[in-house]
Every structure is written in structure tokens, then in C-alpha cells.
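Taking it in order: structure first as C-alpha cells, then the write-up.
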There are 2 protein chains.
Amino acid sequence: MAVFLSTYVNKVDRKGRVSVPASFRAVLAEQSAGVADGVIVFRSLQHPALEACSERHMEALAEALEKADLDDETRDLWETNVFAGSVLLPIDAEGRVILPQDLAEFAGITENAAFVGRNKVFQIWQPETFRARAEQARTQGRNAGLSLSSLTAAARRTPQP
Amino acid sequence: MAVFLSTYVNKVDRKGRVSVPASFRAVLAEQSAGVADGVIVFRSLQHPALEACSERHMEALAEALEKADLDDETRDLWETNVFAGSVLLPIDAEGRVILPQDLAEFAGITENAAFVGRNKVFQIWQPETFRARAEQARTQGRNAGLSLSSLTAAARRTPQP
DNA sequence: CACAAAAGCCCATGATATCCCATGGCAGTC
DNA sequence: GACTGCCATGGGATATCATGGGCTTTTGTG
């Protein structure tokens with residue numbers, strides 16, 4: 001299993017701890033030489049939600065940023081958004097993380113948190129906010145005529161290097 | 001953990017001391033044979049803020065400057081701004097530094113200081129000034145359609161030698 | 001040479017995160 | 001249907017970290 005899949009809603013305890021779903025931890029571990037000791041979390045640019053990925057994924061991002069041909073201002077924006085805005089949350093022995101207050105507030109998370117698999121990354125939402133968003137996404141997807149066959153067709157049109 | 005990540009706001013006490021975030025000290029230590037005994041600080045060329053890095057990184061920067069293909073004026077600018085304007089601040093046993101008055105004034109730092117991770121270096125800002133900058137960076141990033149995929153795509157377009 | 005200010009050093013403290021162990025539910029198994 | 005694990009959840013003990021204050025040493029200055 002190499003991608004983050006499904007949605008899980010877990011409780012935030014009074015200390016601010018939340019369990020990262022076991023299957024997500026497995027994916028993180030796979031990308032980090034066996035043990036999932038930490039996860040990178042940052043604010044989504046599009047939604048009132050948090051994005052999360054493995055350290056390795058972040059390293060790849062950092063590398064891409066160094067190599068990318070960007071003007072100074074754009075690079076500065078990236079570095080501010082990516083590095084300054086991210087946190088590395090350690091995962092404890094029970095598989096939990098503590099969401100920093102400012103990030104939890106940004107996503108409106110208090111009692112519960114929804115972990116949403118999104119392929120290479122996952123998101124953390126306030127469950128009710130996510131439910132609304134998911135419903136909207138379904139409608140939009142149907143209207144746009146999304147289907148699995150259209151996706152695989154699109155993939156065939158743009159072969160990978 | 002090999003990079004400076006996240007943003008931390010710490011207090012400046014009446015003696016002018018500020019704690020360097022523990023995770024930043026860890027990165028500095030990693031680059032300096034175990035112990036973080038000092039940090040290089042100089043004025044940012046783009047912002048009303050301070051740039052900081054390890055001694056080792058500054059040495060690498062100096063080397064890069066020698067090799068770089070720059071005209072005399074640019075080189076001169078670099079040398080006056082960065083090297084002449086740099087200080088090596090000792091880190092005390094509790095992990096704090098004292099910001100020299102002129103540098104603190106340059107960044108407008110009085111009560112609090114924001115330590116901003118930026119991959120290989122970090123910045124020190126007056127927290128409110130940084131908050132404004134971060135917000136601007138978010139907005140511009142969103143408008144410019146900054147996304148993880150667009151970044152990795154940009155990196156692919158400029159392969160390294 | 002004396003004195004004041006600044007810088008460095010040591011220790012104290014409260015808040016917070018980290019570690020460790022316990023419990024209960026749910027699923028699959030024998 | 002009892003048993004066995006995994007997994008989410010909870011709570012208490014301990015370590016870490018940011019912060020603050022006092023005291024000594026250095027520095028710079030009259």
C-alpha cells in the first residue's frame with residue numbers, strides 16, 4: 001500500500017492529541033525507512049484544512065525548490081509558504097500527534113479531526129467542514145463528467161518520462 | 001532533521017536575550033560537529049529582517065561567492081552587505097543569543113522575535129511584520145496557482161547537469 | 001586605577017510535550 | 001462463542017524547553 005486512502009475521523013483528546021490512522025502511519029513508515037516517526041503538516045492554500053506528508057516528500061519538495069528556475073520573489077514566496085508554514089510533528093509510540101494550536105484553529109478543529117487520504121499526501125479537516133466539501137466535490141465531479149475511464153484516457157495522452 | 005522548519009515566536013527579555021528554538025539549535029549543532037555554540041546573523045537584502053545560519057553554511061556561501069560568475073560591483077555588494085555586516089553570536093547554555101542593538105533595530109525587534117525556518121537558513125523578524133509578510137505570501141501564492149505539483153513540474157523542466 | 005555598564009554564567013521555575021502503561025472496542029480466528 | 005490482536009483512547013509520571021533573576025567577570029571609560 002503506497003498511497004493514502006479513505007477518510008477516518010478520530011478524536012482529539014484534552015491534551016490535543018489525535019491518532020493518525022494506522023494505515024496512514026504504514027504509508028508514512030514505508031517512505032521513511034521503516035518507522036513513522038514524524039509527519040509534516042502545513043496549511044492548505046485552497047481549503048480551510050491542513051495538508052500532511054512524509055518528511056521524505058518534503059525533502060523532495062525542498063530539492064525541487066532548489067533546482068527550480070524561479071525569480072527571486074517567487075522563490076521567496078515559496079520558501080515562506082513551504083518552510084516557514086510547515087511543522088514536523090513527532091508521532092508518539094501510540095501513533096498520535098499533537099496539532100499545534102494555530103494550525104488546529106486554522107482548520108477549525110476542536111473535538112474531532114478527519115484524516116482524508118489524497119494519494120501522496122493527506123489532509124486533516126474539521127469533519128463537518130469536510131463533509132460539506134465532499135458533497136460539493138461530488139456534485140462538481142458529476143457535472144464535469146469525471147470518470148475512471150476518462151482519467152486513464154488522460155494518462156495515456158501524457159506519457160511519463 | 002536537516003533543515004530549518006516552522007516559525008517560532010520567542011520573547012526578548014530585559015537583557016536582550018532570546019531563545020533560539022530548540023529544533024533550530026539541533027540543526028545548527030548538526031552542522032557544527034555536535035554542539036551549537038554560535039550562529040551567524042546578518043541583515044536581509046530583501047526584507048526588514050535578519051538572516052541566520054551556521055558557520056559552516058556561511059563558509060559554503062563564501063566559497064560559492066568566489067566561484068560565482070559575478071561582476072565586480074555585485075561581488076562588492078555581497079561582500080559589504082553580507083560579510084562585513086555579519087556577526088557571530090554565541091549561544092549560551094540555555095540556548096539563547098543576544099541580538100546586537102543595531103541588528104535588532106534594523107528588524108524592528110523589541111519585545112518578541114519570530115524565528116522563521118527557510119530550509120538551509122532561517123530568518124529573524126519582528127513578529128507582526130512577519131505575519132503581514134506571510135499573509136501576503138499566502139495570498140500571492142494562491143493567486144499565482146502555487147501548488148506542489150506545479151513546483152515539481154517546474155523542477156522537471158530545468159534538469160541539473 | 002577605579003568604577004559602571006555590559007556580557008557571560010549558574011540556577012530556579014512553570015508550562016508543555018514526551019514517555020510509559022492501562023483500558024475498551026472491534027475484527028478476525030480457532 | 002471464547003480468544004487474540006490491533007488500534008483508538010485515556011491518564012499519570014517525567015523530561016524538555018522557554019523564560020526569568022541573581023551573581024561574577026570582563027570591558028570600556030573617565
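A, B, ... follow the sequence lines: proteins, then strands. Residue 1 opens every chain.
Look at K11(A) and you won't find any side-chain N or O under 4.0 angstrom from OP1 or OP2 of dA8(D). Neither OP1 nor OP2 of dA7(C) sits under 4.0 Å from any side-chain N or O of R14(B).
Checked by atom type, the side-chain pair S86(A)/R43(A) shows no donor-acceptor distance below 3.5 Å. Donor-acceptor pairing under 3.5 Å is recorded for the side chains of Y8(B) and S23(B).
Side chain of N10(A) to backbone of A113(A): no donor-acceptor contact under 3.5 angstrom is found.
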Take nucleotides 11-28 of chain C nucleotide by nucleotide from the 5' end and write B, S or -, depending on whether a protein heavy atom sits under 4.0 Å from the base, only from the sugar-phosphate, or from neither. B------BBBB-------

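The distance between atom CG of L89(B) and atom P of dA6(C), rounded to the nearest whole Å, is 17 Å. As rounded to whole Å, 13 Å separates atom P of dT19(D) from atom OH of Y8(B). Whole-Å rounding puts the L99(B) CG to dG8(C) C1' distance at 16 Å. Counting to the nearest Å, the C1' atom of dT9(D) and the CZ atom of R25(A) are 12 Å from each other. The interatomic distance linking F24(A) (CZ) with dA8(D) (C1') rounds to 15 Å, in whole Å.
Annotation: ring-ring contact (aromatic ring centres under 6.0 Å, His included) contacts of F42(B) (sequence neighbours excluded): none.
Relative orientation of the F24(A) and F122(A) rings is tilted, given thresholds of 30° and 60° on the angle between their planes.
Mapping N112(A) and G95(B) onto DNA chain D via the closest heavy atom, the residue that lands nearer the 5' end is N112(A).
Under a 4.0 Å N-O distance rule, the pair E63(B)/K67(B) qualifies as a salt bridge.
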